[in-house]
Amino acid sequence: MRQVYRLTRETSCCFSGYRPEKLPWHTNEDDPRCQELKRKIETELEQLYQSGMRHFFCGMARGSDMYFCEAALNLREKYTEITIEAAIPCEAQAAKWNEWERSRYFNLVGQCDVETFVSREYTKDCMIRRNRYMVDNSAALLAVYDGKFGGTMQTIEYAARKGLRVVTIVP
């Protein structure tokens, strides 16, 4: 049985990033640029771990969130005190995704240590509430971001107002 590290805001990190539609390679994860992004996420997670982060929040969206969750799971194999929390905006988050994406989603959620639903039902603000939940419970934010308007930009701005350490990776 894994020993779970005591969760604190000071040792927690959250993630925000783009869905496939905003990434240059869209859903082609074999693209060298995608592979490079995944390596950068792994490198940044290792550095965040070395700086004291032990609990990682993931919003479980398609695209960058999935890369982050997979990298955090890989890091947990190396450092067993790491915990990963699936911060899910609503129960129906993956309901309209294709079969492959839903399968990946449920597989990843099933490997997380904690599963938190911000809302049972979909609401127009459940994604924002999910992002704020993660930021409010973290000391650092890792983001895949290159200036595009949207949820990632809003999450970075909110994290900066809350005083989080913000690390960005340009896709």
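As the structure is a computational prediction, the values presented were derived from the model and not from experiment.
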With a 4.5 Å limit on heavy-atom distance, are the side chains of [X] and [Y] in contact?
X	Y	value
Gln47	Glu44	yes
Val114	Ile84	no
Cys112	Cys69	yes
Glu85	Glu115	no
Arg54	Cys13	no
Leu23	Ser64	yes
Glu101	Met66	no
Trp25	Pro171	yes

Say whether [X] and [Y] are linked into one hydrophobic cluster, either directly or through other cluster members, by side-chain heavy-atom distances under 4.5 angstrom.
X	Y	result
Tyr18	Met127	no
Phe15	Ile128	no
Val135	Val118	no
Met134	Val109	no

Pairs where residues 86-114 contributes a residue and the test ring-ring contact (aromatic ring centres under 6.0 Å, His included) is met, not counting sequence neighbours:
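ring-ring contact (aromatic ring centres under 6.0 Å, His included) check on residues 86-114 returns Trp97-Tyr105.
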Tell me, which pairs form a ring-ring contact (aromatic ring centres under 6.0 Å, His included) where one or both residues lie in residues 148-171, sequence neighbours left out?
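The answer is none; no pair qualifies.
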Kindly give the heavy-atom pair with the smallest separation between [X] and [Y], and that separation in Å.
X	Y	answer
Ile88	Arg130	C-CG, 4.2 Å
Leu45	Ala72	CD1-N, 3.6 Å
Met53	Ala139	CE-CB, 4.2 Å
Leu141	Ser16	CD1-N, 3.8 Å
Ala159	Val166	CB-CG2, 4.1 Å
Tyr67	Cys34	OH-SG, 3.5 Å

What's the spacing between Leu48 CG and Ile41 CD1 if we round to 0.5 Å?
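Leu48 CG to Ile41 CD1: 11.5 Å, rounded to 0.5 Å.
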Nearest-0.5 Å distance, CD of residue Glu46 to OG of residue Ser51:
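Glu46 atom CD to Ser51 atom OG measures 10.5 Å (nearest 0.5 Å).
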Keeping [X] on the side-chain end and [Y] on the backbone end, is there a donor-acceptor pair under 3.5 Å?
X	Y	answer
Ser119	Tyr122	no
Gln93	Gly59	yes
Gln111	Leu73	no

Among side-chain atoms of [X] and [Y], is any donor-acceptor pair under 3.5 angstrom?
X	Y	answer
Tyr79	Gln50	yes
Thr155	Thr152	no
Thr83	His55	yes

Answer yes when [X] and [Y] have at least one side-chain N-carboxylate O distance shorter than 4.0 Å, and no when they do not.
X	Y	answer
Arg9	Asp136	no
Arg76	Glu81	no
Arg39	Glu36	yes

Salt bridge (charged side-chain N to carboxylate O under 4.0 Å, His left out) contacts in which one or both residues fall within residues 102-112, not counting sequence neighbours
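For residues 102-112, and leaving out neighbouring residues, the salt bridge (charged side-chain N to carboxylate O under 4.0 Å, His left out) pairs sorted by first residue read Glu29-Arg104, Glu70-Arg104.
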Residue Glu121 excluded, over 12 heavy atoms near CD under 6.0 Å
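No, because the 6.0 Å sphere around CD of Glu121 holds 12 heavy atoms or fewer from other groups.
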Under 6.0 Å between ring centres, would you say that holds for Tyr133 and Phe57?
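Ring centres of Phe57 and Tyr133 closer than 6.0 Å.
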